[in-house]
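The structure appears below as C-alpha coordinates.
Numbered from 1 within each chain, the chains take letters A, B, ... in sequence-line order. Just so you know, these numbers use all the heavy atoms, side chains as well, and skip hydrogens, waters and symmetry mates. The structure displayed is predicted, hence computed values, not measured ones.
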Amino acid sequence: MKMNAYNKPLPIPTADSQPFWDACRESKLTCQRCDDCGTARFPPHHVCSNCLSVNASWEEMSGKGSVFSFTVFRRVYDPGFADEVPYVVALIELDEGPRMLSNVVSIDPDIVVCGMPVKVVFEKATEEITLPKFVPTES
Amino acid sequence: MSKTLSRSRGRFAIIGVGNTSGGVMPLTSTGDAMFAEAAIMAIKEAGIDKAEINGLVTHGTEDTRVHQQRIGAMLGIQADFATSVDNGGASQVCSIITACMAIDAGLADVVLCGYSADYRAKIHRAGKKQAVQLVPESMLAEQFRFEFGYFGEMASYAFGATRHMHLYGTTKEDFARVAVTQRDYASRNPDAQYRKPITVDEHLNARRIVDPFGLLDCCPVSDGAGVVIVARADRAANIKKNTAYILGYGTGNNIGGLFAGENMSQTAGLVSSKTAYEMAGITPKDVDTAQFYDTTTAQTIIQLEDYGFCKKGEGGAFVQSGATGPDGVIPTNTAGGLLSEGHVAGMWHILEGVRQVRQSHPAERQVSGAEIAVISGNGGNSVCHGSLVLSRNPS
(Lines give C-alpha, C1' and ligand atoms only; values in the text may rest on other atoms or scores of the structure.)
Protein backbone atom coordinates (compact mmCIF):
# COMPACT_ATOMS: atom_id res chain seq x y z
CA MET A 1 0.00 0.00 0.00
CA LYS A 2 1.28 3.44 -0.90
CA MET A 3 2.41 5.62 2.02
CA ASN A 4 0.30 8.66 2.68
CA ALA A 5 2.29 11.68 1.47
CA TYR A 6 0.15 14.29 3.18
CA ASN A 7 2.66 16.52 4.99
CA LYS A 8 0.63 19.47 6.30
CA PRO A 9 -0.58 19.92 9.88
CA LEU A 10 -3.76 17.98 10.63
CA PRO A 11 -6.46 18.75 13.18
CA ILE A 12 -6.85 16.37 16.10
CA PRO A 13 -10.60 16.11 16.71
CA THR A 14 -11.95 16.58 20.23
CA ALA A 15 -15.13 15.23 21.76
CA ASP A 16 -16.84 18.48 20.75
CA SER A 17 -15.55 18.59 17.17
CA GLN A 18 -15.59 14.90 16.17
CA PRO A 19 -19.09 15.10 14.64
CA PHE A 20 -17.95 18.00 12.46
CA TRP A 21 -14.99 16.06 11.06
CA ASP A 22 -17.10 12.90 10.67
CA ALA A 23 -19.56 14.90 8.54
CA CYS A 24 -16.77 16.42 6.45
CA ARG A 25 -15.70 12.88 5.57
CA GLU A 26 -19.19 12.47 4.07
CA SER A 27 -18.93 15.83 2.24
CA LYS A 28 -21.33 17.56 4.58
CA LEU A 29 -20.64 20.93 6.22
CA THR A 30 -22.26 21.04 9.63
CA CYS A 31 -22.51 23.21 12.70
CA GLN A 32 -24.12 23.00 16.10
CA ARG A 33 -27.41 24.75 16.79
CA CYS A 34 -28.49 25.42 20.36
CA ASP A 35 -31.61 23.39 21.26
CA ASP A 36 -32.75 26.11 23.68
CA CYS A 37 -32.15 29.48 22.00
CA GLY A 38 -31.54 28.43 18.39
CA THR A 39 -28.15 30.13 17.99
CA ALA A 40 -25.90 28.48 15.39
CA ARG A 41 -22.28 28.15 16.49
CA PHE A 42 -18.88 27.38 15.04
CA PRO A 43 -16.18 26.37 15.98
CA PRO A 44 -17.72 23.54 18.01
CA HIS A 45 -18.07 24.17 21.72
CA HIS A 46 -19.61 22.39 24.68
CA VAL A 47 -21.78 25.36 25.53
CA CYS A 48 -23.87 28.04 23.82
CA SER A 49 -22.20 31.42 24.31
CA ASN A 50 -25.61 33.12 24.05
CA CYS A 51 -27.60 31.22 26.71
CA LEU A 52 -25.08 28.78 28.31
CA SER A 53 -27.24 25.80 27.35
CA VAL A 54 -25.27 22.59 26.80
CA ASN A 55 -28.03 21.13 24.64
CA ALA A 56 -27.25 21.34 20.95
CA SER A 57 -27.87 19.43 17.74
CA TRP A 58 -25.73 19.11 14.67
CA GLU A 59 -27.27 20.25 11.41
CA GLU A 60 -26.09 20.43 7.85
CA MET A 61 -25.45 23.89 6.41
CA SER A 62 -25.96 24.97 2.81
CA GLY A 63 -22.21 25.26 2.29
CA LYS A 64 -22.75 28.70 0.78
CA GLY A 65 -21.33 31.93 2.07
CA SER A 66 -19.09 34.84 1.26
CA VAL A 67 -15.55 36.00 1.96
CA PHE A 68 -15.64 38.22 5.06
CA SER A 69 -11.92 38.92 4.88
CA PHE A 70 -8.79 37.15 3.72
CA THR A 71 -5.05 37.22 3.31
CA VAL A 72 -2.74 35.75 0.73
CA PHE A 73 0.25 33.89 2.18
CA ARG A 74 3.38 34.77 0.18
CA ARG A 75 5.77 33.43 2.81
CA VAL A 76 6.23 29.77 3.71
CA TYR A 77 5.72 29.30 7.44
CA ASP A 78 5.45 25.51 7.33
CA PRO A 79 7.32 23.26 4.91
CA GLY A 80 4.08 21.46 4.07
CA PHE A 81 2.91 24.61 2.30
CA ALA A 82 6.11 25.24 0.33
CA ASP A 83 4.42 24.26 -2.95
CA GLU A 84 1.19 26.10 -2.13
CA VAL A 85 2.32 29.76 -1.94
CA PRO A 86 0.71 32.03 -2.82
CA TYR A 87 -2.44 30.64 -1.18
CA VAL A 88 -5.57 32.29 0.15
CA VAL A 89 -6.63 31.93 3.79
CA ALA A 90 -10.09 33.40 4.26
CA LEU A 91 -12.73 33.91 6.90
CA ILE A 92 -15.93 32.64 5.29
CA GLU A 93 -19.23 34.01 6.54
CA LEU A 94 -21.68 31.19 5.99
CA ASP A 95 -25.25 31.97 4.98
CA GLU A 96 -26.42 30.38 8.26
CA GLY A 97 -24.38 32.93 10.25
CA PRO A 98 -21.24 31.24 11.62
CA ARG A 99 -17.83 32.29 10.32
CA MET A 100 -15.27 29.64 9.42
CA LEU A 101 -11.57 29.88 8.63
CA SER A 102 -10.65 28.04 5.45
CA ASN A 103 -8.98 28.39 2.05
CA VAL A 104 -10.39 29.79 -1.17
CA VAL A 105 -9.03 27.48 -3.86
CA SER A 106 -9.21 27.13 -7.63
CA ILE A 107 -8.81 30.88 -8.10
CA ASP A 108 -6.08 33.41 -8.85
CA PRO A 109 -5.31 34.83 -5.36
CA ASP A 110 -5.04 38.34 -6.80
CA ILE A 111 -8.75 38.49 -7.71
CA VAL A 112 -10.20 37.45 -4.35
CA VAL A 113 -12.19 40.28 -2.72
CA CYS A 114 -14.23 40.74 0.44
CA GLY A 115 -17.86 39.87 -0.21
CA MET A 116 -17.09 37.33 -2.94
CA PRO A 117 -19.72 34.55 -2.90
CA VAL A 118 -18.28 31.09 -2.33
CA LYS A 119 -19.42 27.51 -1.81
CA VAL A 120 -17.85 24.57 -0.01
CA VAL A 121 -15.83 21.79 -1.63
CA PHE A 122 -14.20 18.92 0.23
CA GLU A 123 -10.57 17.84 -0.03
CA LYS A 124 -9.62 14.49 1.40
CA ALA A 125 -6.35 14.78 3.33
CA THR A 126 -6.16 11.37 5.05
CA GLU A 127 -8.52 8.48 5.72
CA GLU A 128 -9.62 10.30 8.90
CA ILE A 129 -9.58 13.95 7.85
CA THR A 130 -11.33 15.69 4.98
CA LEU A 131 -10.93 19.49 4.88
CA PRO A 132 -13.75 21.86 3.89
CA LYS A 133 -12.49 24.48 1.44
CA PHE A 134 -14.26 27.06 -0.69
CA VAL A 135 -14.45 28.00 -4.36
CA PRO A 136 -16.08 31.00 -6.02
CA THR A 137 -19.77 30.31 -6.64
CA GLU A 138 -19.46 31.24 -10.33
CA SER A 139 -16.81 28.60 -11.05
CA MET B 1 -18.60 62.25 34.67
CA SER B 2 -18.40 59.11 36.72
CA LYS B 3 -17.27 59.72 40.29
CA THR B 4 -15.99 56.15 40.46
CA LEU B 5 -13.50 56.69 37.67
CA SER B 6 -12.41 60.23 38.48
CA ARG B 7 -11.46 59.28 42.05
CA SER B 8 -8.32 57.61 40.65
CA ARG B 9 -7.26 60.58 38.53
CA GLY B 10 -3.63 61.51 39.12
CA ARG B 11 -3.33 59.46 42.32
CA PHE B 12 -0.52 57.30 40.99
CA ALA B 13 2.72 58.04 39.21
CA ILE B 14 5.60 56.46 37.36
CA ILE B 15 8.70 57.46 39.31
CA GLY B 16 11.41 55.75 37.30
CA VAL B 17 11.94 53.78 34.11
CA GLY B 18 14.74 51.72 32.61
CA ASN B 19 15.49 49.81 29.45
CA THR B 20 18.07 47.86 27.56
CA SER B 21 19.07 49.43 24.29
CA GLY B 22 18.91 48.31 20.74
CA GLY B 23 16.33 45.57 20.22
CA VAL B 24 19.25 43.36 19.22
CA MET B 25 21.24 41.89 22.10
CA PRO B 26 24.09 39.40 21.98
CA LEU B 27 22.53 36.05 21.18
CA THR B 28 23.91 34.63 24.40
CA SER B 29 21.88 37.12 26.47
CA THR B 30 19.07 35.89 28.65
CA GLY B 31 15.74 37.56 29.31
CA ASP B 32 16.55 37.60 33.01
CA ALA B 33 19.80 39.51 32.46
CA MET B 34 18.03 42.05 30.27
CA PHE B 35 15.31 42.48 32.88
CA ALA B 36 17.96 43.04 35.55
CA GLU B 37 19.70 45.70 33.47
CA ALA B 38 16.43 47.62 32.99
CA ALA B 39 15.47 47.21 36.66
CA ILE B 40 18.79 48.58 37.94
CA MET B 41 18.35 51.65 35.71
CA ALA B 42 14.74 52.21 36.83
CA ILE B 43 15.54 51.84 40.55
CA LYS B 44 18.43 54.27 40.19
CA GLU B 45 16.28 56.75 38.29
CA ALA B 46 13.55 56.58 40.95
CA GLY B 47 16.18 57.25 43.62
CA ILE B 48 14.78 54.60 45.93
CA ASP B 49 16.26 51.66 47.77
CA LYS B 50 15.10 48.36 46.37
CA ALA B 51 13.90 47.44 49.86
CA GLU B 52 11.12 49.98 49.37
CA ILE B 53 9.70 47.91 46.51
CA ASN B 54 6.99 45.64 47.87
CA GLY B 55 5.05 44.94 44.70
CA LEU B 56 6.04 43.12 41.54
CA VAL B 57 3.95 42.79 38.36
CA THR B 58 5.69 41.19 35.41
CA HIS B 59 5.07 39.47 32.13
CA GLY B 60 7.35 36.78 30.74
CA THR B 61 7.66 35.44 27.23
CA GLU B 62 4.98 32.96 26.17
CA ASP B 63 6.95 29.97 27.44
CA THR B 64 7.44 31.16 31.04
CA ARG B 65 5.28 30.51 34.05
CA VAL B 66 5.04 32.40 37.36
CA HIS B 67 7.57 34.80 35.87
CA GLN B 68 7.35 37.15 38.85
CA GLN B 69 8.93 34.51 41.10
CA ARG B 70 12.15 34.23 39.14
CA ILE B 71 12.39 38.02 38.82
CA GLY B 72 11.77 38.52 42.55
CA ALA B 73 14.39 35.92 43.44
CA MET B 74 16.93 37.36 41.00
CA LEU B 75 16.53 40.96 42.22
CA GLY B 76 16.07 40.07 45.90
CA ILE B 77 12.71 41.82 46.05
CA GLN B 78 10.53 40.64 48.92
CA ALA B 79 7.21 41.54 47.31
CA ASP B 80 4.05 41.37 49.41
CA PHE B 81 2.08 41.62 46.17
CA ALA B 82 3.44 39.77 43.13
CA THR B 83 1.81 38.44 40.02
CA SER B 84 2.24 37.98 36.29
CA VAL B 85 -0.29 39.28 33.80
CA ASP B 86 -1.30 37.52 30.61
CA ASN B 87 -2.98 39.90 28.18
CA GLY B 88 -0.69 39.46 25.19
CA GLY B 89 0.45 42.84 23.89
CA ALA B 90 -1.80 44.60 26.40
CA SER B 91 0.15 43.01 29.27
CA GLN B 92 2.52 45.90 29.89
CA VAL B 93 -0.20 48.57 30.14
CA CYS B 94 -2.25 46.11 32.22
CA SER B 95 0.80 45.63 34.51
CA ILE B 96 0.76 49.36 35.30
CA ILE B 97 -3.00 49.27 35.84
CA THR B 98 -2.66 46.23 38.13
CA ALA B 99 0.05 48.08 40.08
CA CYS B 100 -2.25 51.10 40.56
CA MET B 101 -5.06 48.84 41.74
CA ALA B 102 -2.77 47.00 44.18
CA ILE B 103 -1.52 50.29 45.64
CA ASP B 104 -5.10 51.59 45.84
CA ALA B 105 -6.15 48.47 47.74
CA GLY B 106 -3.29 48.88 50.20
CA LEU B 107 -1.54 45.68 49.12
CA ALA B 108 1.65 47.47 48.05
CA ASP B 109 3.29 50.90 48.12
CA VAL B 110 5.94 50.81 45.41
CA VAL B 111 5.49 48.38 42.53
CA LEU B 112 8.06 47.34 39.95
CA CYS B 113 6.55 46.36 36.57
CA GLY B 114 8.61 44.86 33.79
CA TYR B 115 8.95 42.73 30.71
CA SER B 116 11.86 41.22 28.87
CA ALA B 117 11.95 39.53 25.47
CA ASP B 118 14.69 37.16 24.43
CA TYR B 119 13.08 35.53 21.42
CA ARG B 120 16.09 35.98 19.14
CA ALA B 121 18.37 34.56 21.80
CA LYS B 122 15.95 31.69 22.43
CA ILE B 123 15.87 30.85 18.74
CA HIS B 124 19.66 30.92 18.76
CA ARG B 125 19.87 28.66 21.80
CA ALA B 126 17.40 26.26 20.24
CA GLY B 127 19.49 26.17 17.09
CA LYS B 128 16.52 27.16 14.99
CA LYS B 129 16.17 29.90 12.48
CA GLN B 130 12.49 30.77 12.28
CA ALA B 131 10.38 32.39 14.95
CA VAL B 132 7.38 30.35 13.92
CA GLN B 133 9.12 27.29 15.30
CA LEU B 134 8.65 28.74 18.77
CA VAL B 135 5.01 27.67 18.49
CA PRO B 136 4.73 24.93 21.14
CA GLU B 137 4.23 21.48 19.62
CA SER B 138 1.04 21.10 21.63
CA MET B 139 -0.43 24.12 19.84
CA LEU B 140 0.04 22.51 16.45
CA ALA B 141 -2.84 20.20 17.35
CA GLU B 142 -5.19 23.17 17.41
CA GLN B 143 -8.08 22.81 14.99
CA PHE B 144 -9.46 25.23 12.42
CA ARG B 145 -6.18 27.06 11.99
CA PHE B 146 -2.94 25.36 11.00
CA GLU B 147 -4.55 22.80 8.65
CA PHE B 148 -5.48 25.74 6.41
CA GLY B 149 -1.96 27.15 6.44
CA TYR B 150 -2.87 29.96 8.84
CA PHE B 151 0.37 30.69 10.70
CA GLY B 152 1.96 33.59 12.48
CA GLU B 153 0.72 36.73 14.15
CA MET B 154 0.88 38.90 11.02
CA ALA B 155 -1.89 36.94 9.28
CA SER B 156 -4.44 37.95 11.95
CA TYR B 157 -3.65 41.60 11.43
CA ALA B 158 -3.63 41.11 7.65
CA PHE B 159 -7.28 39.99 7.89
CA GLY B 160 -8.04 43.25 9.70
CA ALA B 161 -6.11 45.35 7.21
CA THR B 162 -7.90 43.72 4.25
CA ARG B 163 -11.24 44.36 5.93
CA HIS B 164 -10.32 47.99 6.72
CA MET B 165 -9.30 48.53 3.08
CA HIS B 166 -12.60 46.99 1.94
CA LEU B 167 -14.78 49.06 4.27
CA TYR B 168 -12.98 52.39 4.09
CA GLY B 169 -10.74 52.47 1.04
CA THR B 170 -7.53 52.47 3.07
CA THR B 171 -4.52 51.80 0.82
CA LYS B 172 -1.07 50.24 0.94
CA GLU B 173 0.26 53.78 0.45
CA ASP B 174 -1.42 54.72 3.74
CA PHE B 175 0.37 51.83 5.46
CA ALA B 176 3.61 52.97 3.80
CA ARG B 177 3.22 56.44 5.27
CA VAL B 178 2.96 54.94 8.76
CA ALA B 179 6.13 52.88 8.25
CA VAL B 180 8.09 55.80 6.79
CA THR B 181 6.99 58.24 9.53
CA GLN B 182 7.83 55.86 12.35
CA ARG B 183 11.21 55.02 10.81
CA ASP B 184 11.93 58.74 10.63
CA TYR B 185 11.36 58.96 14.38
CA ALA B 186 13.51 55.86 14.95
CA SER B 187 16.37 57.40 12.98
CA ARG B 188 16.72 59.90 15.86
CA ASN B 189 16.52 57.21 18.55
CA PRO B 190 19.94 55.68 19.29
CA ASP B 191 18.23 52.75 21.05
CA ALA B 192 16.08 51.79 18.05
CA GLN B 193 16.54 48.43 16.31
CA TYR B 194 16.03 49.89 12.80
CA ARG B 195 17.30 53.42 12.21
CA LYS B 196 18.00 53.69 8.48
CA PRO B 197 15.33 55.91 6.88
CA ILE B 198 13.03 54.22 4.35
CA THR B 199 10.94 55.53 1.44
CA VAL B 200 7.39 54.81 0.35
CA ASP B 201 8.78 52.97 -2.69
CA GLU B 202 11.02 50.80 -0.54
CA HIS B 203 7.99 49.95 1.58
CA LEU B 204 5.78 49.11 -1.41
CA ASN B 205 8.49 47.00 -3.08
CA ALA B 206 9.53 45.09 0.04
CA ARG B 207 9.21 41.31 0.12
CA ARG B 208 5.55 40.33 0.42
CA ILE B 209 4.63 38.40 3.56
CA VAL B 210 0.85 38.08 3.99
CA ASP B 211 -1.27 40.40 1.83
CA PRO B 212 -1.67 43.30 2.10
CA PHE B 213 1.51 43.33 4.20
CA GLY B 214 5.09 43.38 3.04
CA LEU B 215 8.11 43.10 5.28
CA LEU B 216 8.05 46.79 6.32
CA ASP B 217 4.45 46.54 7.53
CA CYS B 218 5.42 43.95 10.13
CA CYS B 219 7.09 44.44 13.51
CA PRO B 220 10.38 42.61 13.97
CA VAL B 221 11.42 39.97 16.47
CA SER B 222 13.45 41.79 19.10
CA ASP B 223 15.35 41.26 22.32
CA GLY B 224 15.21 43.74 25.14
CA ALA B 225 13.63 44.77 28.40
CA GLY B 226 11.75 47.64 29.98
CA VAL B 227 10.96 48.34 33.63
CA VAL B 228 8.61 50.90 35.17
CA ILE B 229 8.25 51.77 38.87
CA VAL B 230 4.82 52.86 40.09
CA ALA B 231 4.03 54.62 43.38
CA ARG B 232 1.40 56.90 44.90
CA ALA B 233 1.53 60.42 43.49
CA ASP B 234 2.29 61.93 46.90
CA ARG B 235 5.31 59.62 47.16
CA ALA B 236 6.38 60.85 43.72
CA ALA B 237 6.23 64.52 44.76
CA ASN B 238 9.70 64.20 46.35
CA ILE B 239 11.32 63.09 43.10
CA LYS B 240 9.54 65.32 40.66
CA LYS B 241 12.29 65.33 38.05
CA ASN B 242 11.61 61.75 36.99
CA THR B 243 7.87 61.65 37.55
CA ALA B 244 5.09 61.07 35.04
CA TYR B 245 1.66 61.15 36.63
CA ILE B 246 -0.93 58.52 35.73
CA LEU B 247 -3.93 60.70 34.95
CA GLY B 248 -6.16 57.89 33.77
CA TYR B 249 -6.33 54.32 32.59
CA GLY B 250 -8.82 52.01 30.97
CA THR B 251 -9.29 48.47 29.73
CA GLY B 252 -11.37 46.79 27.07
CA ASN B 253 -11.71 43.36 25.54
CA ASN B 254 -13.16 42.27 22.22
CA ILE B 255 -13.80 39.03 24.00
CA GLY B 256 -15.80 37.55 21.14
CA GLY B 257 -12.50 37.31 19.31
CA LEU B 258 -10.86 38.67 16.21
CA PHE B 259 -13.35 36.95 13.90
CA ALA B 260 -16.53 38.26 15.57
CA GLY B 261 -18.46 41.34 14.49
CA GLU B 262 -16.12 44.00 13.09
CA ASN B 263 -13.42 43.27 15.69
CA MET B 264 -10.71 42.77 13.07
CA SER B 265 -11.01 46.35 11.79
CA GLN B 266 -11.25 47.98 15.21
CA THR B 267 -9.70 47.42 18.64
CA ALA B 268 -11.13 47.37 22.14
CA GLY B 269 -9.36 50.72 22.38
CA LEU B 270 -12.79 52.10 21.43
CA VAL B 271 -13.94 51.23 24.96
CA SER B 272 -10.63 51.41 26.76
CA SER B 273 -9.75 54.93 25.58
CA LYS B 274 -13.16 56.31 26.61
CA THR B 275 -12.65 54.98 30.13
CA ALA B 276 -9.10 56.37 30.31
CA TYR B 277 -10.17 59.78 28.99
CA GLU B 278 -13.04 59.94 31.46
CA MET B 279 -10.81 59.03 34.39
CA ALA B 280 -8.28 61.62 33.25
CA GLY B 281 -10.96 64.26 32.60
CA ILE B 282 -9.65 64.94 29.11
CA THR B 283 -10.63 64.57 25.46
CA PRO B 284 -8.42 63.54 22.53
CA LYS B 285 -7.84 67.26 21.82
CA ASP B 286 -5.88 67.52 25.08
CA VAL B 287 -3.41 64.78 24.10
CA ASP B 288 0.03 65.92 22.85
CA THR B 289 1.46 62.57 21.75
CA ALA B 290 0.23 59.00 21.24
CA GLN B 291 2.11 55.72 21.54
CA PHE B 292 0.05 52.97 19.91
CA TYR B 293 0.80 49.25 20.01
CA ASP B 294 1.72 48.75 16.37
CA THR B 295 2.11 45.08 15.57
CA THR B 296 1.61 46.26 11.98
CA THR B 297 1.27 49.58 10.17
CA ALA B 298 -2.50 49.04 9.99
CA GLN B 299 -2.76 48.93 13.79
CA THR B 300 -1.46 52.49 14.05
CA ILE B 301 -4.16 53.70 11.64
CA ILE B 302 -6.93 51.70 13.34
CA GLN B 303 -6.06 53.00 16.81
CA LEU B 304 -5.85 56.63 15.67
CA GLU B 305 -9.53 56.13 14.81
CA ASP B 306 -10.45 54.13 17.91
CA TYR B 307 -8.85 56.74 20.20
CA GLY B 308 -10.84 59.56 18.58
CA PHE B 309 -8.05 61.42 16.79
CA CYS B 310 -10.00 61.05 13.55
CA LYS B 311 -13.28 59.45 12.51
CA LYS B 312 -13.60 55.70 11.94
CA GLY B 313 -12.38 54.93 8.46
CA GLU B 314 -10.44 58.16 8.02
CA GLY B 315 -7.19 56.96 9.56
CA GLY B 316 -5.50 56.46 6.19
CA ALA B 317 -6.16 60.02 5.05
CA PHE B 318 -5.25 61.26 8.54
CA VAL B 319 -1.73 59.79 8.42
CA GLN B 320 -1.31 60.98 4.81
CA SER B 321 -1.98 64.52 6.06
CA GLY B 322 1.14 64.30 8.22
CA ALA B 323 -0.88 64.26 11.42
CA THR B 324 1.36 61.71 13.13
CA GLY B 325 4.68 63.34 12.19
CA PRO B 326 6.81 65.66 14.32
CA ASP B 327 4.84 68.75 13.24
CA GLY B 328 1.47 67.03 13.11
CA VAL B 329 -1.51 67.36 15.40
CA ILE B 330 -0.74 64.09 17.18
CA PRO B 331 2.89 62.94 16.91
CA THR B 332 2.55 59.17 17.15
CA ASN B 333 5.01 56.38 18.03
CA THR B 334 7.70 58.99 18.44
CA ALA B 335 10.45 56.49 19.32
CA GLY B 336 9.69 54.38 16.24
CA GLY B 337 7.12 52.00 17.72
CA LEU B 338 7.28 48.23 17.54
CA LEU B 339 7.89 48.58 13.81
CA SER B 340 11.24 50.35 14.10
CA GLU B 341 12.24 50.81 17.74
CA GLY B 342 11.67 47.13 18.45
CA HIS B 343 9.13 44.66 19.76
CA VAL B 344 9.46 44.70 23.52
CA ALA B 345 5.73 44.06 23.61
CA GLY B 346 4.80 47.66 24.25
CA MET B 347 6.86 48.31 27.36
CA TRP B 348 8.97 50.76 25.39
CA HIS B 349 5.80 52.59 24.31
CA ILE B 350 5.18 53.31 27.99
CA LEU B 351 8.78 54.46 28.49
CA GLU B 352 8.49 56.80 25.49
CA GLY B 353 5.27 58.30 26.86
CA VAL B 354 6.96 58.85 30.23
CA ARG B 355 9.98 60.55 28.63
CA GLN B 356 7.82 62.77 26.43
CA VAL B 357 5.73 64.16 29.30
CA ARG B 358 8.83 64.56 31.47
CA GLN B 359 10.23 66.48 28.48
CA SER B 360 13.52 64.72 29.12
CA HIS B 361 14.37 63.98 25.48
CA PRO B 362 16.96 65.90 23.45
CA ALA B 363 15.31 68.53 21.24
CA GLU B 364 15.28 66.41 18.08
CA ARG B 365 13.19 63.75 19.81
CA GLN B 366 11.03 65.90 22.09
CA VAL B 367 7.43 66.71 21.16
CA SER B 368 7.49 70.42 21.89
CA GLY B 369 5.75 71.22 25.16
CA ALA B 370 4.30 67.72 25.56
CA GLU B 371 2.24 67.51 28.72
CA ILE B 372 -0.16 64.63 28.07
CA ALA B 373 0.58 61.29 26.41
CA VAL B 374 -1.79 58.43 25.63
CA ILE B 375 -0.42 54.89 25.39
CA SER B 376 -2.10 51.71 24.23
CA GLY B 377 -1.43 48.04 24.67
CA ASN B 378 -3.24 45.66 22.32
CA GLY B 379 -2.83 41.94 22.06
CA GLY B 380 -3.99 38.40 22.50
CA ASN B 381 -4.89 38.28 18.80
CA SER B 382 -6.23 41.84 19.07
CA VAL B 383 -8.71 40.97 21.83
CA CYS B 384 -7.12 42.49 24.98
CA HIS B 385 -6.61 46.21 25.27
CA GLY B 386 -5.35 48.68 27.87
CA SER B 387 -4.92 52.46 27.79
CA LEU B 388 -2.85 54.84 29.88
CA VAL B 389 -2.98 58.63 30.07
CA LEU B 390 0.27 60.07 31.42
CA SER B 391 0.72 63.68 32.40
CA ARG B 392 3.46 66.09 33.35
CA ASN B 393 1.17 67.32 36.12
CA PRO B 394 -0.95 65.44 38.68
CA SER B 395 -4.18 67.08 37.52
Query raised in the report: Is any residue of residues 54-73 of chain A within less than 4.5 Å of chain B by heavy atoms, and which ones?
Result: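 Residues A:F68, A:S69, A:F70, A:T71, A:V72, A:F73 are the ones that qualify, each having a heavy atom under 4.5 Å from chain B.
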
Nearest-0.5 Å distance that lies between atom [atom1] in [X] and atom [atom2] in [Y]:
| X | Y | atom1 | atom2 | answer |
| --- | --- | --- | --- | --- |
| A:R75 | B:R207 | CZ | CZ | 7.0 Å |
| A:D110 | B:D211 | CG | CG | 7.0 Å |
| A:C114 | B:F159 | SG | CZ | 9.5 Å |
| B:Y150 | A:Y87 | OH | OH | 11.0 Å |
| A:E123 | B:E147 | CD | CD | 12.5 Å |

Requested in this report: Side chain from CB out, backbone as N, CA, C, O: work out which of these in B:A260 comes under 4.5 Å of a heavy atom of chain A, or both, or neither.
Outcome: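 Contact with chain A: backbone only.
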
Could you tell me if the side chain of [Y] sits less than 4.5 Å from the side chain of [X], heavy atoms only?
| X | Y | result |
| --- | --- | --- |
| A:I12 | B:Q143 | no |
| B:M264 | A:L91 | yes |
| B:F146 | A:L10 | no |
| B:F148 | A:P132 | yes |

**Report entry** Exceeds 12 heavy-atom contacts within 6.0 angstrom, atom CG of A:D83
**Finding:**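 12 or below, so no.
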
**Report entry** NZ/A:K8: more than 12 non-hydrogen atoms of other groups inside 6.0 Å
**Finding:**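 It does: A:K8 NZ has more than 12 such atoms within range.
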
**Report entry** Residues in residues 297-310 of chain B that sit under 4.5 Å from chain A, counting heavy atoms only
**Finding:**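 When heavy atoms of chain A are the reference, residues 297-310 of chain B contributes no residue within the under-4.5 Å range.
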
**Report entry** Part of residues 195-202 of chain B lying next to chain A, heavy-atom separation under 4.5 Å
**Finding:**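 Checking residues 195-202 of chain B against chain A gives no residue, so none.
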
Query raised in the report: Partners of B:H164 by ring pair (Phe, Tyr, Trp, His ring centres under 6.0 Å), sequence neighbours excluded?
Result: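 With neighbours one apart ignored, the set is B:Y168.
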
Report task. Classify the ring geometry between B:F151 and A:Y77 as parallel (under 30°), tilted (30 to 60°) or perpendicular (over 60°). Result ->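 Parallel, since the angle between the ring planes stays under 30°.
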
Report task. Just give me the residue among A:T14, A:V89, A:L101 that pairs up with chain B most often, heavy atom to heavy atom, under 4.5 Å. Result ->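 Most heavy-atom pairs within the cutoff with chain B belong to A:L101.
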
Requested in this report: Under 4.5 Å, counting heavy-atom pairs only, tell me which of A:S102, A:A90, A:G80, A:P43 racks up the most with chain B.
Outcome: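 If we count pairs closer than 4.5 Å to chain B, A:S102 comes out on top.
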
Query - Part of A:D16 lying under 4.5 Å from any heavy atom of chain B - result: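 Interface part for A:D16: neither.
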
